[in-house]
There are 2 protein chains.
Amino acid sequence: MENKEDGVSNGGGDVLHDIENEGVLLDGKDGIRRNWSGFSERNMSYAEPLLAKRTNTTSQIAIIGANLSPIESLDYEIFENEIFNQDWRSRKKVQIIQYVILKWGFALIIGLGTGLVGLFNNISVENIAGFKLLLTTNLMSQNRYLEAFVAYAGISVVLAAAAAALCAFIAPAAAGSGIPEVKAYLNGVDAHSILAPSTLFVKIFGSVLGVSAGFVVGKEGPMVHTEAASWWRSALLWRTFFTTAVVAIVLRAAIQFCATGRCGLFGEGGLIMYDVGSSKVTYSTGDVLAAILLGVIGGVLGSVYNYLVDKVVRTYSIINEKGPVYKIILVVAIALLTSCCYYFLPWIATCKPCPTNTSVICPSVDESGEYKSFQCNSGYYNDLASLFLNTNDDAIRNLFSSRITKEFHISSLFIYFGTIFFLGIATYGIAVPSGLFIPVILAGAAYGRLVGRLFEPLVKLDTGLFALLGAASFLGGTMRMTVSICVILLELTNDLLLLPLVMLVLLISKSVADGFNKGVYDQILKIKGLPYMESHAEPYMRTLAARDVVSGPLVTFSGIEKVGNILHALESTGHNGFPVIDEPPFSDAPELCGLVLRSHLLVLLKGKNFTKDRVFMSRSISQRISALDFAKAGSGKGLKLEDLDINEEEKSMYVDLHPITNASPYTVIETMSLAKAAILFRQLGLRHMCVVPKSQGRPPVVGILTRHDFMPEHILGLYPGIKPHKED
Amino acid sequence: MENKEDGVSNGGGDVLHDIENEGVLLDGKDGIRRNWSGFSERNMSYAEPLLAKRTNTTSQIAIIGANLSPIESLDYEIFENEIFNQDWRSRKKVQIIQYVILKWGFALIIGLGTGLVGLFNNISVENIAGFKLLLTTNLMSQNRYLEAFVAYAGISVVLAAAAAALCAFIAPAAAGSGIPEVKAYLNGVDAHSILAPSTLFVKIFGSVLGVSAGFVVGKEGPMVHTEAASWWRSALLWRTFFTTAVVAIVLRAAIQFCATGRCGLFGEGGLIMYDVGSSKVTYSTGDVLAAILLGVIGGVLGSVYNYLVDKVVRTYSIINEKGPVYKIILVVAIALLTSCCYYFLPWIATCKPCPTNTSVICPSVDESGEYKSFQCNSGYYNDLASLFLNTNDDAIRNLFSSRITKEFHISSLFIYFGTIFFLGIATYGIAVPSGLFIPVILAGAAYGRLVGRLFEPLVKLDTGLFALLGAASFLGGTMRMTVSICVILLELTNDLLLLPLVMLVLLISKSVADGFNKGVYDQILKIKGLPYMESHAEPYMRTLAARDVVSGPLVTFSGIEKVGNILHALESTGHNGFPVIDEPPFSDAPELCGLVLRSHLLVLLKGKNFTKDRVFMSRSISQRISALDFAKAGSGKGLKLEDLDINEEEKSMYVDLHPITNASPYTVIETMSLAKAAILFRQLGLRHMCVVPKSQGRPPVVGILTRHDFMPEHILGLYPGIKPHKED
């Protein structure tokens, strides 16, 4: 996949156009030349603009997972050419029914698959981690502390190394959260590795291993934020709803099955994981004030977290670039650090006497209880151990629980919070599949409970609900998402009555944190260099016109083009779309016929429907061409240039491009405000947009805009004088 | 507001263009002329096309509420002209801060206002209806049955007449549900009366009166379906979220206040109205089968309901058109019918003995109980009376309740269902504000409970939950909305565990009903003639090009135009957008400068910055013009043509249109597939779209497309041969 190169030589083509003599005169300040009437040059026609022969190499590669990868744009434009229209008109009813069945069948299969994968993931983690914790607890109850540590750390390191090996050697794209990659994909950025089967495999198993290894990570990867990022069709809503329903039903059936104890150490969580109790919730002014405080804390801590994650990810990228072995070493180092923290920190806590007025067994006998005895005598428990020596899910359950009020010492909560905060930062960026939700929820729940304990005399809500609000505030402070987080927390707790408080907390934390930096996933998107297009236009785009950012070289074809020219263009540029221009004698003056795609050109050339003279394709031939040959190939499949085998004689023949030309390309006039051009591009999910001249008597196309031409790096690189000023 | 007229005379203008000699040659079959190579003419340039001088009068008026009203389109296009850009560049930081504060301040006020209005509405209805029911019940307990009926029917009729009078005389736009109008508004259809203050006033008070009158209507009007209908910006999500949070907080505070009994007869509902109980819900195969059956019933009944509502609304429109007095008479007739049904039908039911094993007082003493004694002796109750002689909200509460299992006889449920079903159909379309949700939920709950009772031996879920599923299925069958209904039912019941079953029921009912007809609101949209643009293009649009539906006459202006010509154009057409064309000597050849709006022309003409000769506006003058003068006026305000006072001498002067011309209009080439042009138009929320010629040497603009040109009525009217075939 070559990047766009500068300067296609003119050898071999009388019909190959190179717009080398066109351009704009640039003012140093903002790039627009002004005339005496005060209007920008955009509004006036003029004779000989000069387009600098510039190329754009700013964003054609990006970091997917933990590896550099070339990227393309997805193309949502309806491609209307003769072949497709012919095919569409001849579709019989049975084919339409087939299509409908396939669509919904796939939705069903995806739902079933997702449900089963989630189930497998959960059961595996609970069993593996449960085994590790049981073994450790048993050894400790026999006072064999060193062996317990060796077992604990050893198992963790082995699991971590396995996860890292999977990631480093099989699918580097699976490292990290995956949310930035999915967000970019839904925005139209395509890279082969994002959704490859190997990536899926490593995501599943790597995540199971990574979480069981005890890392401060979560298994919840992509989630519902399609409303913010994607090119969305409302027809998709219905099918997504259906798929979600299938997942929910699969999981419910599985939970009922596992409730009979046939799933090993799998807990009784059910769909609702952290049932915070169903009593009617009332709150007072003190609660609202405490919520506001939590919001502010969440905002401040959230922006600090994002800042540190940013630094850590950049550092780890340098290490990861050195090779797979370095990736594994880094992972093992972090695993050791985590195990040491988890194992040794509880020794700091003092043993507390078991509460007398409770129905729960204390000290706990199973591995998920909240009264771990750790090194304490009978009748006593260690609260830090109850937080650390548990799965992360159980720790959250304990923090959210309203049965527990004073069992966690304030100092223990503080130590736990600090550990999770910094370990969470240190763990993101290593080469295992890792989610950010659980660490953030954990840390937020910890300081939420802390605040609840400190404010106890003044508030009515119980401390479990404060943990929930703390989690909400930290989620808002790091991720800056509002509706998604509300829905997720609602699902977790099954309680609508807290919604107003949760909303308030999210609003405040997001507003506070937005004053410092961006959301964590947006930051990561930027570090990875993914060319994400915002849904609004940047302010500085309003001072520029479409032609100001067009990059070249511009390669066009004639309506009936020499095969050799086409091959040459395909070999020497990385372009995926080429304008097709009709000239005399086929039209009175040169005019834009449409746009043709590289993938379609390759199929057409393979078919070898060439003619000796420059004539249209005969009807008999055009009717034989099947639209199926031109259908979009799966990721990584499809014809490549090397598959073509064209000899010298064929290279001097002609081929008619009209049947495969998209005769309805979206175009903008060259003086169109860049902001409006960007909005059009983004709203329609385009991959290519033709820029046409304003005045007559000039070549019919000025250039092609792609996603990369709208990126800040490209624009600000061309016009460094423009200050991107903030506008709400 | 004049409609577009045919044939603007050429008097008075050497620079007034009328494209009368352009057009397309139409093939009878599908409108496209084909050439020998099999390609549609779109792909080939040609010399002398012929644009039939056609006008479009298909959808410029529509029924808003109960009255015909002229409509306009909303315009979401960024209007970039020199005045606005100048203004935008000179915005100081303090102005930006002001803007932000205003934005959020308004969101806050709207939230507070909405919460208070909802509260007022609820309290009023409960008190008025409660008083009516109390009085009736008291009289009946004294065996004064005739007086009871007179009181019941009399109060209902008086309330109904008052509601109808408000509607008929003050704001006819307030009649009906309002959802079709809001759906259209969010789609970009603007009519002055939709959001007028008088409409708001009548909506509030008319709805209170109408519901208290006992009509089978609801008070819930617009709801969350912006994801389906509107031109949505993600920035709006955040502000909408904030406003919703404010409403929730206001209502919670009010509920807590009213729980102390200071709100009259207002019940203890709270935010969660129908708490179906918080026990863990499990279901068996029998439940799933019953749910599927409910889905199918809902789908069939839903499409029948829609069909009958369609017929009724059309009939009532004929009556309503005759005048306000007829509207009131119709309302009074329906009120009488409803009162008679509600009062007399319970006599059919037999008295049942009160259940012995319950903690609830039987017969009920307050007006909202579920064991109304009606005419029964002590120790007995009338189940039909418990459904009919209650507010609709209480009836729903009773049907959803899980405490009640066998208290409603199956025959009573059947009678109640039938009554609500037909009364609900008969009531929609009368001139009072009326919602469809409550009737549909009521009827659905009734047959849901019926099915639950019939299937009792086979299922595990209790009958209250079946009522909920029945309501869901009927909502899905009539309204065809999935996610919105799920969310609403979730809010009503505060129980996530039912979600999979609810989703299943909705999916089935929607799929079944979609096989017969469209959703009820979409049908009503169509009856009202609102020009709603779907988000996908119709299949027949793919055989047409942009120029095939352009309607005229095309009126353009020169860059510096004679004042008289502008006035003449404004007077003789109803157009709101005009292309501005630069000609020699200001450009080498005629070219499209941009688009200018009627509202901006009026402001410019009022300012009287005219010149004797045809020259540009001087910089000193252009800098004095303030962008604020051109800001979009509020609905119904803004300059009118009559406000201008221009004498003959001024009419022969020139005015420079460049400062107010949008120099970046969105354009499509004339051969662009109409489907793709429609998608562009809809996605960007445009009001005008310029169609430009493909080949050179022709006038620089072919026509302007507006929303009306994409409507099926217009297109199929032009090309009756096109069969709109179904494509999924």
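Judged purely by atom type and a 3.5 angstrom limit, Glu583(B) has no side-chain atom pairing as donor or acceptor with the backbone of Pro590(B). Judged purely by atom type and a 3.5 angstrom limit, Glu591(A) has no side-chain atom pairing as donor or acceptor with the backbone of Asp582(A). A distance-only check finds no donor-acceptor pair linking the side chain of Glu670(B) to the backbone of Pro693(B) [under 3.5 Å].
Using a 4.5 Å cut-off between heavy atoms, Pro665(A) touches chain B through its backbone atoms (N, CA, C, O) alone. Interface remark: Ala537(A) contributes no atoms to any contact with chain B (heavy atom separation under 4.5 Å). Contact annotation for Leu680(A): both backbone and side-chain heavy atoms come within less than 4.5 Å of a heavy atom of chain B.
Aromatic ring pairs are classed by plane angle as parallel below 30°, tilted from 30° to 60° and perpendicular above 60°; the pair His658(A) and Phe616(A) is tilted.
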